[in-house]
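Below: one structure, written as structure tokens.
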Amino acid sequence: MYTEYNVVTKLIEYVNPLIDNVMALLPVNKRHNSLSKKARCELSYNQGYRDALITIKRKLEIDQQEYEDNLPKPEDFQQSIKMESEHDDR
């Protein structure tokens, strides 16, 4: 589980600069909106690329949160140590 969390976190780190790069290619007034679906130009391509990267990042963030929620908590380790010491005392 921990390795999956690390992989997802690393992928998010890789996606962030790609999003920054494509946003820099877009005019300021087109960074947060889209052209019509029939538009075929470099601007349309970059907006589609931006949208794809943002979708990927959101999916990775959801996965990352699920992995974080399932990581062992410190109290789990403490409980495990306590149970082991009780078992050793017998």
Which atom pairs, one a donor and one an acceptor, fall under 3.5 Å between side chains of residues 19-29 and the rest of the protein, sequence neighbours left out?
unit_1 : atom_1 : unit_2 : atom_2 : d
N21    : ND2    : P17    : O      : 3.3

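Residues passing the salt bridge (Lys or Arg N to Asp or Glu O under 4.0 Å) test with E42: none are found, sequence neighbours excluded. In this structure K30 satisfies the salt bridge (Lys or Arg N to Asp or Glu O under 4.0 Å) test with no other residue, sequence neighbours excluded. Annotation: side chain to side chain donor-acceptor pair (under 3.5 Å) contacts of Q47 (sequence neighbours excluded): none. Checked against side chain to side chain donor-acceptor pair (under 3.5 Å), S44 has no partners two or more places apart in sequence or in another chain. In this structure, the side-chain contact (heavy atoms from CB on, under 4.5 Å) partners of L18, at least two apart in sequence or on a different chain, are Y49, L53. Checked against side chain to side chain donor-acceptor pair (under 3.5 Å), N46 has no partners two or more places apart in sequence or in another chain.
N70 and E66 share no donor-acceptor pair across their side chains, judged by distance under 3.5 Å alone.
Distance OH/Y14 to OG1/T9: 11.5 Å, rounded to 0.5 Å.
Cluster membership check: I56 does not share its hydrophobic cluster with I62, using side-chain heavy-atom separations under 4.5 Å among Ile, Leu, Val, Met, Phe, Trp and Tyr.
Screening residues 52-63 for side-chain hydrogen bond (donor to acceptor under 3.5 Å, both in side chains) gives N16-K57, K59-D63 as the qualifying pairs, with residues at least two apart or on separate chains. Residue pairs meeting the salt bridge (Lys or Arg N to Asp or Glu O under 4.0 Å) criterion with at least one partner in residues 7-16, sequence neighbours excluded, are K10-E13.
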